[in-house]
Protein chains: 2
Amino acid sequence: MELYLLIMGKKNQQLKKKIIKYLYYSDTLSVAELCLKADKSLPVISKFLNELIEEGLITETGYAASSGGRRPLTYAIVPNLLYVVSVSMDQYVSRIAIMNLKNSFVTPVEEFELPLTKNPDASFVLAEKIEEVITNSGIPKNKIAGVGIGMPGFVDAKKGINYTFLSVPGKNVTEYMSEKIGLPVFIDNDSRLIALAELRFGAARNKTNVMVLNVGWGVGLGMILNGELFKGHNGFAGEFSHIPLFTNSILCSCGKTGCLETETSLMVVIKKVQEGLRGGRMSVLKDVAMEHFEQAIEAIMNAAKEGDQFAAELFSETGYKIGRGVAILIHLFNPETVILSGRGSLAGKIWQAPIQQALNEHCIPRLAMNTNIEISTLGYHAELIGAAALVMENFERRTETSGTPEPDDHLLK
Amino acid sequence: MELYLLIMGKKNQQLKKKIIKYLYYSDTLSVAELCLKADKSLPVISKFLNELIEEGLITETGYAASSGGRRPLTYAIVPNLLYVVSVSMDQYVSRIAIMNLKNSFVTPVEEFELPLTKNPDASFVLAEKIEEVITNSGIPKNKIAGVGIGMPGFVDAKKGINYTFLSVPGKNVTEYMSEKIGLPVFIDNDSRLIALAELRFGAARNKTNVMVLNVGWGVGLGMILNGELFKGHNGFAGEFSHIPLFTNSILCSCGKTGCLETETSLMVVIKKVQEGLRGGRMSVLKDVAMEHFEQAIEAIMNAAKEGDQFAAELFSETGYKIGRGVAILIHLFNPETVILSGRGSLAGKIWQAPIQQALNEHCIPRLAMNTNIEISTLGYHAELIGAAALVMENFERRTETSGTPEPDDHLLK
DNA sequence: AATACTTTTTAAAATATTTAAAAAAGTTTC
DNA sequence: GAAACTTTTTTAAATATTTTAAAAAGTATT
């Protein structure tokens, strides 16, 4: 059966796309719950839901538990109705996966090296790789809602431009990729997508003011403000890594000194391990090769978890410094929750104590009191989930933006 | 003629209140412009506008210039239809005024001393004073839309509580005052109201991401994010004054050391003037009494404006430090504009150069490039205007909140 | 197991809003 | 200064949405 999802050109039918989005975020929902979310009345939701069922996009999924009265019928998106290609990049390595609308991978995650710095072919290579993954999966393109890509750099998601990497002469990256692949392509900054993942499926769910830290080779920040991903005027908000917080004279990648990043990134941790070992510190890490950063940091995190004193000390020290930055965030944003996510979150609870200590010392008690620090449970997959969510987030705009390739053909009858 | 404004209980008629709000913000508007703002169709706006005219709340105000076709009729609120009591407080002095909906004072601004610290009678005294001002004005209460109060401290505007000052045993301040005065009362933090004033009537008008600095005895911050006043999870967002930015050991009023405030408030400027003069610095300020802070800081600002080297140096120094804080704001929020408002803004352009210099040194160029620094033109009245705007901001919620005193009588036929 | 109370679902009536078309008022061009 | 084009205003018809009420399906209590 072919899909005939988006004949819904008229404003009227926009609600259907909204319903699909809500079901994507929540898996199964009752009519009453959908009403609340969409802020529409019951008969309206009911009507469109029934239409969606007739069209084969949504199914009933049995009754939910009663809360004192008649049990509500619940609904969900038909499994494997639609897929999303999600891509997560860092400066060296990129990963591609195809997911269904339940955040399950339907292909193995394809990982490959793709250096972004001074690489004019990066966009081309990426597009080719994505094409390859789609082809190999055997999934027809009209069953793919789009491609979402998380990437480092200054990304203007709205315009579809990355000012730091992946530039394409004369075109936006999204335009270029979209034409090449034949699917809608959406991009955003990596940290922001991690925050989006947390907002829709993680620890920030149903919360309205949350700071999501992406502790990795830098310290990224995605901000949920008033229940929405905050992007700032040009889409550059959240440059936590480069706030001038220290008076050291360590030169940062951005050209300045004293950036938060210069004292708190995982790269700094690796360097300090190397220095310490050279200086004769005892540690289970003494036999670990530090050349391959990914493996090195994993080893260090494991060591700390298992009680290696040297490693634990380093995380304490780093955590405390991150905490000083978090104190600033709390003063400015008064968030409900601060979530530690990204690669570094695999170190888990180790961060919590030193960060909390920094807050106790540097925060006004009334503020610190009202904020809790949590560790992400999405872990390594956060960015891929966020990239998928980005596609669905833009789902309802699909028919409006004429920039979308073949809008009349794609996903239509 | 009596007013019979708010019979509009039904959702239907909420639009009328919206129209009044838009006209309050913009003075005069055409139907087409109202459609855009309210995101409603022309016939709907037209219909309600005509109803409002019949009810005597709104008048035609002639034709606007043509933009190539028929000239649009414009509309405005009937002058002196409604008044607002606005109050602006700092820790020592409070000011009360009554304004019409064109931000003009219809009574002289009443200024009086009201220390807030450890003063259990503050709320009582304030309420009495407000009553007095209203009585003296001769304006009947049913012509007053409400009372808006800007105050220092940790204010939860939604709950109507100030956790720092003006506490009333067993009640919210707003409840207490509202019952005592017989009018709806709304409160918010002083810096946030200044930002609101800038958003609706000042340099932040029609902008979506703006930081408004309230340079005074501390350095307050009101944030406009996504076109709205941002309050944070508990209403405490914007504690810029107390971000831990310096490694000095100056004890701050909040109990910590190193707060931005300890190096940048106008109080620090006064202290440094005193120290400098004692140390023998030459300056026109040598004959100025420094005991009365208000007069002192005014004299210092004037001296700097007129070229006194010592005063100018101090503002440079202070401005540069504020700039370091602003650099953090720019990294995190990527705002379109940063506005210098509040008492300190009277020093005007003197701040701009040193702040800009700090940004050049501490900001990633791409971010600094996209933000401009502006001086408020609202000046000393910003907070009073903001307090008035707060009342009108809550105007459409009037009939909903049953907490409003005598909701059936007030402003009704 | 019958009754009272909830909540969900369905259906009908009442409202509200948008779309489309026509009329009115101006501007610009030739 | 008429014709062509714009924009605003008015009107009528078509849609869409909400409200209200009633029926159906469960749960809890006695």
Side-chain angles (χ1 to χ4, degrees), chain A residues 6-23 26-55 58-76 396 399-400, chain B residues 6-23 26-55 58-76 396 399-400:
Chain A
L6 307 181
I7 311 166
M8 326 171 178
K10 298 199 174 171
K11 245 178 202 172
N12 146 17
Q13 310 257 37
Q14 293 276 327
L15 192 52
K16 284 195 189 174
K17 290 185 228 163
K18 261 196 184 170
I19 292 176
I20 290 182
K21 256 173 58 174
Y22 290 129
L23 289 175
S26 305
D27 235 36
T28 64
L29 287 171
S30 72
V31 178
E33 287 167 325
L34 276 167
C35 287
L36 274 172
K37 283 184 194 282
D39 197 28
K40 286 281 137 75
S41 73
L42 225 146
V44 179
I45 296 290
S46 200
K47 184 182 127 204
F48 287 112
L49 211 50
N50 286 328
E51 282 182 35
L52 284 165
I53 291 172
E54 267 188 37
E55 289 164 20
I58 285 182
T59 45
E60 292 183 4
T61 47
Y63 293 95
S66 162
S67 61
R70 178 171 171 172
R71 292 186 303 181
L73 260 173
T74 60
Y75 302 86
E396 69 173 339
T399 43
E400 293 165 33
Chain B
L6 306 182
I7 313 165
M8 328 170 178
K10 298 200 172 169
K11 244 181 202 171
N12 145 16
Q13 311 257 37
Q14 294 274 328
L15 192 51
K16 284 194 189 175
K17 291 185 228 164
K18 259 197 185 171
I19 291 176
I20 291 182
K21 257 173 57 173
Y22 290 130
L23 289 176
S26 304
D27 234 38
T28 65
L29 287 171
S30 72
V31 178
E33 286 167 326
L34 276 167
C35 287
L36 273 171
K37 285 185 193 285
D39 199 28
K40 286 280 138 74
S41 73
L42 224 143
V44 179
I45 296 289
S46 199
K47 184 181 126 202
F48 286 113
L49 211 49
N50 286 328
E51 284 183 32
L52 284 166
I53 290 173
E54 268 187 37
E55 291 165 18
I58 283 182
T59 45
E60 292 183 3
T61 48
Y63 292 95
S66 161
S67 61
R70 178 171 171 171
R71 292 187 302 179
L73 261 174
T74 60
Y75 302 86
E396 69 173 339
T399 43
E400 292 165 37

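Labels below follow one simple rule: chain letters A, B, ... track the order of the sequence lines, proteins then strands, and each chain is numbered from 1. Quick note: numbers below take in every heavy atom, side chains included, and nothing from hydrogens, waters or symmetry partners. Owing to the predicted nature of the structure, the values given are computational and were not obtained by experimental measurement.
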For B/Leu42 and B/Cys35, work out which heavy atoms get closest and say how close.
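Closest pair (atom of B/Leu42, atom of B/Cys35, distance): CA-SG, 3.4 Å.
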Would you name the heavy atoms of B/Ala65 and B/Arg71 that are closest together and state the gap between them?
C-CG, 4.3 Å
[X] has an atom [atom1]; how far is it from atom [atom2] of [N], in whole Å?
X       : N      : atom1 : atom2 : answer
B/Glu51 : D/dT10 : CD    : P     : 14 Å
A/Ile19 : D/dT17 : CD1   : P     : 11 Å
A/Lys40 : D/dA16 : NZ    : P     : 12 Å
A/Leu73 : C/dT8  : CG    : P     : 11 Å
B/Arg71 : D/dT9  : CZ    : P     : 11 Å
B/Asn50 : D/dT10 : CG    : C1'   : 10 Å
B/Tyr63 : D/dT7  : OH    : C1'   : 13 Å
A/Lys16 : D/dT17 : NZ    : C1'   : 16 Å

Any donor-acceptor N/O pair, A/Tyr75 side chain to A/Leu49 backbone, under 3.5 Å
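No; zero donor-acceptor contacts below 3.5 Å.
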Is a side-chain N or O of B/Thr28 found less than 3.5 angstrom from the main chain of B/Ala76, in a donor-acceptor match?
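Not a single qualifying donor-acceptor pair exists.
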Where the side chain of [X] is defined as all heavy atoms beyond and including C-beta, which of [options] is the nearest nucleotide?
X       : options                : result
B/Pro72 : D/dT8, D/dT11, D/dT18  : D/dT8
B/Val31 : D/dT18, D/dA12, D/dT9  : D/dT9
A/Ala32 : D/dT18, C/dT8, D/dT8   : C/dT8
A/Ser46 : C/dT10, C/dT18, C/dT17 : C/dT10
B/Pro43 : C/dT17, D/dT18, C/dT19 : C/dT19

Over all strands shown, is A/Leu42 touching base, sugar-phosphate only, or nothing at heavy-atom distances under 4.0 angstrom?
base
Just to be sure I understand the rule, does B/Ser30 reach a base, reach only the sugar-phosphate, or reach nothing, if contact means heavy atoms closer than 4.0 Å?
nothing
Gap between atom [atom2] of [Y] and atom [atom1] of [X] - 0.5 Å precision:
X       : Y       : atom1 : atom2 : answer
A/Lys40 : A/Lys18 : NZ    : NZ    : 5.5 Å
A/Ile45 : A/Glu33 : CD1   : CD    : 12.0 Å
B/Glu60 : B/Leu73 : CD    : CG    : 4.5 Å
B/Leu29 : B/Thr74 : CG    : OG1   : 8.5 Å
B/Leu36 : B/Tyr22 : CG    : OH    : 10.5 Å
B/Leu52 : B/Ile19 : CG    : CD1   : 5.5 Å

Using five base pairs at each end, measure the axis-to-axis angle across the helix from C/dA1-D/dT30 to C/dC30-D/dG1 and round it to 10 degrees.
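End axes: 20° apart.
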Short heteroatom pairs, N/O only, protein and nucleotides 21-24 of chain D, under 3.5 Å:
from: D/dA24; atom 1: N3; to: A/Arg70; atom 2: NH1; distance (Å): 3.2

Show me the protein contacts with nucleotides 3-5 of chain D, counting only N or O atoms at under 3.5 Å.
none

I would like to know whether A/Ile20 and A/Lys17 meet side-chain contact (heavy atoms from CB on, under 4.5 Å); could you show each step before the answer?
CA-CA 5 Å; A/Ile20 290 182; A/Lys17 290 185 228 163; 5.6 Å; no
